[in-house]
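Order of appearance sets the numbers: ligands from 1, and atoms from 1 within every ligand. Excluded from the calculations below are hydrogen atoms, water molecules and symmetry mates; all remaining heavy atoms, backbone and side chain alike, are included.
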Amino acid sequence: MSPKLEDYDVMGIIGSGSFGTCYKVRNRNTNEYFVWKAIDYGNLTESRKQLLVSEVNLLSELNHPNIVKYYNRILHKETTTLYIIMEWCQGGDLLSVIKHAKKLGTWLEEGFIWRALYQTGRALQACHTRLGRVTVLHRDIKPANIFLDHRGNIKLGDFGLARVLQGDNEYSQTIIGTPYYMSPEVVKGTKYNRKSDIWALGCLIYELCALVQPFSGSDIQELYNRIPDRYSENLVKMIQLMLTVQHEFRPTIEMVLHHPVVVTNVSKYE
Ligand SMILES: CN(C)CCCNS(=O)(=O)c1cccc(Nc2nc(OCC3CCCCC3)c3[nH]cnc3n2)c1
C-alpha cells in the first residue's frame, strides 16, 4: 500500500542539499521517525527524471545495516515533488561530530574511529559487490554524508551522486560536482573507480583522527605529523595504506576489511 503525505507529521527541517530539502517526519500511525528527502523534479529533463528513477530504484536495492535504509517514495504531482522516505539517523552526521570535538578541544576515541573505518568499509563493500547487474561507486564519501544511528553505528547515506554503472557508458564518467576527497587518479582525469572510494575512506579516517582534511592545501610531509600521537601506529598504518597514491597498489575494500590490523582492532573495540 503506497504511503500518503498525510500519513506523516513534519517535525522540522534537518537541512538541504543539492537534491532538495531533508525533513524529519513522524508516521502518525506508528509514531516512528523517518526523514523525507523532498526533490522538486519539475524542471528536470526527461532523461534526468529517468536517472532519478534509477537512482531511487538503486537505493531500494541497497539493504545493509551500514547503509541508510530507503523505505518508500511518494510522488506528489501537484507540486512536482518526489518524497523519498528514509531511515532517520538519530545521531546526526559525522561532520557535526568533528565540529563538536574541535569546539570542545577534544579528540575522537580510537575505538570509535576503528568502528567507523570498519562499518563504512562494510557499506562500501556492499556497494562494490556487484548487486545483480550493477556496480555502485559511492562517489561522495564525506563526513556530511555519513550518519550515526541511536547506537552510534555508521550509516552511509546520500547516494545523491552515486552513479549506476551499467558498463562504461559516458554517463558513468561524468563527475558532477567535485568529490570532497578527490583521489590522485581523479585529479588526473582517470575514471572514478572502486579504488577512488578507498582513497576517500582513507581521507575520512584521517579527518576523524586529525579533525582536519588531509589535503587541505598543506604540504605532503606535514600530512602525518598532524595525526595526534594518542592514536596507535596501526591506525596510522591503515590510513597510509588507503592513501596509497598509485591506485593500482591501493588496497581493495576486501583487503582493508580482512587486514589483520583491522580485524584485531575492530574486535578489540567492538
Ligand atoms: C546526538 N546529537 C549530538 C545529534 C542530534 C542530531 N539530530 S538531528 O539534528 O535531527 C540530525 C542532524 C543531522 C542528520 C540527522 N539525521 C539524518 N540526516 C539525514 O540527512 C541530512 C541531510 C543530508 C544532506 C544535506 C542536508 C541534511 C538523513 N538522510 C537519511 N537519513 C538521515 N538521517 C539528524
Atoms in ligand 1 with a heavy atom of Q90 nearer than 4.0 Å: 5 (C), 6 (C), 7 (N)
Ligand 1-proximal atoms of C22, by part, heavy-atom distance under 4.0 Å: side chain
Sidechain-backbone polar pair: E110 side chain, S232 backbone, donor-acceptor under 3.5 Å: yes
Listed partners of Y83 passing ring-ring contact (aromatic ring centres under 6.0 Å, His included), at least two apart: W36
Point-to-point distance, once rounded to the nearest 0.5 Å, from OG of S54 to CG of L51: 4.5 Å
Region of A144 that comes within reach of ligand 1 [heavy atoms, distance under 4.0 Å]: neither
Atoms of ligand 1, numbered as shown, that sit under 4.0 Å from any heavy atom of S16: 25 (C), 26 (C)
Atoms in ligand 1 flagged as close to V68, the criterion being non-hydrogen separation under 4.0 Å: 30 (C), 31 (N)
Contact with ligand 1 for K37, non-hydrogen, under 4.0 angstrom: yes
Numbered atoms and elements of ligand 1 in range of G15, under 4.0 angstrom, heavy atoms: 26 (C), 27 (C)
Side chain Y206, main chain L223, donor-acceptor under 3.5 Å: yes
Ligand-side contact atoms (ligand 1) for residue partner D93, heavy atom cut-off under 4.0 Å: 13 (C)
Solution key, residues 8-16 side-chain donor-acceptor pairs under 3.5 Å, sequence neighbours excluded:
| residue | atom | partner | partner atom | Å |
| --- | --- | --- | --- | --- |
| D9 | OD1 | R28 | NE | 2.6 |
| D9 | OD1 | R28 | NH2 | 2.9 |

Min side-chain heavy-atom separation Y71-N27 under 4.5 Å: no
Of the listed options K69, E87, H100, closest to atom 32 (C) of ligand 1 (non-hydrogen atoms): E87
Salt bridge flag under 4.0 Å for residues E185 and K195: no
